[in-house]
Amino acid sequence: MKYYLLAFKRAFDFKGKSSQKEFWVFFLLDCLIYILIGFFEGATSYIDLSNNIMIIYSILTFIPFISLGFRRLNDAGYNKLLFLIPIANLFFASMETKD
């Protein structure tokens, strides 16, 4: 959980470095939260507010996820702008740290 909160604390740090563990813990918890919100929205589809929860959560986590990805690619030794390429970003984020 500390890695998840660390991404929010360092949301505007695009130049630092982040470990694989930090990236994947945030990514997996983020996916789990999306699944839970989707389940909640499906169970309460008659309430208009529930449809906005996913949008609000997406907006809140967008900048921390991008900055974490940039830091992860900095740590792996790749150009951080490669993180903006869909699907390829997860491949590059899984690479080992370069010394």
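For reference, positions follow the sequence shown, starting with 1.
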Spacing of [atom1] belonging to [X] relative to [atom2] belonging to [Y], to within rounding of 0.5 Å:
X     : Y     : atom1 : atom2 : result
Asn74 : Asn79 : CG    : CG    : 8.5 Å
Ile63 : Leu68 : CD1   : CG    : 12.5 Å
Phe14 : Ile66 : CZ    : CD1   : 8.0 Å
Phe92 : Ile87 : CZ    : CD1   : 13.0 Å

When you compare the side chain of [Y] with that of [X], does any pair of heavy atoms fall below 4.5 Å?
X     : Y     : answer
Arg72 : Lys80 : no
Asn89 : Leu84 : no
Arg10 : Glu22 : yes
Lys9  : Pro64 : no
Leu28 : Leu32 : no

Under the side-chain contact (heavy atoms from CB on, under 4.5 Å) criterion, do Leu90 and Trp24 qualify, and how do the steps go?
-> CA-CA 9 Å; Leu90 297 179; Trp24 288 110; 4.1 Å; yes
Test side-chain contact (heavy atoms from CB on, under 4.5 Å) on Phe65 and Phe26 and set out the steps.
-> CA-CA 8 Å; Phe65 181 67; Phe26 179 83; 3.7 Å; yes
Got a donor-acceptor contact below 3.5 angstrom from the Arg71 side chain to the Asp13 backbone?
->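 Side chain of Arg71 to backbone of Asp13: a pair is present.
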Side-chain (Gln20) to main-chain (Ser94) donor-acceptor, under 3.5 angstrom | yes
Just by distance, with hydrogens left out, do Tyr34 and Ser58 show a side-chain donor and acceptor under 3.5 Å apart?
-> yes
Side-chain donor-acceptor contact under 3.5 Å, Asp75 with Ser18 |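 Side chains of Asp75 and Ser18: no pair found under 3.5 Å.
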Test Phe70 against Leu81 for side-chain contact (heavy atoms from CB on, under 4.5 Å), laying out the working first.
-> CA-CA 7 Å; Phe70 277 25; Leu81 294 176; 4.1 Å; yes
By side chain to side chain donor-acceptor pair (under 3.5 Å), which residues pair with Tyr57, not counting sequence neighbours?
-> Tyr4, Asp30
Between Phe12 and Phe83, is there a shared hydrophobic cluster once you connect ILVMFWY residues whose side-chain heavy atoms come closer than 4.5 Å?
->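 Yes.
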Mind running side-chain contact (heavy atoms from CB on, under 4.5 Å) on Thr61 and Phe8 for me, showing each step along the way?
-> CA-CA 8 Å; Thr61 59; Phe8 287 98; 3.7 Å; yes
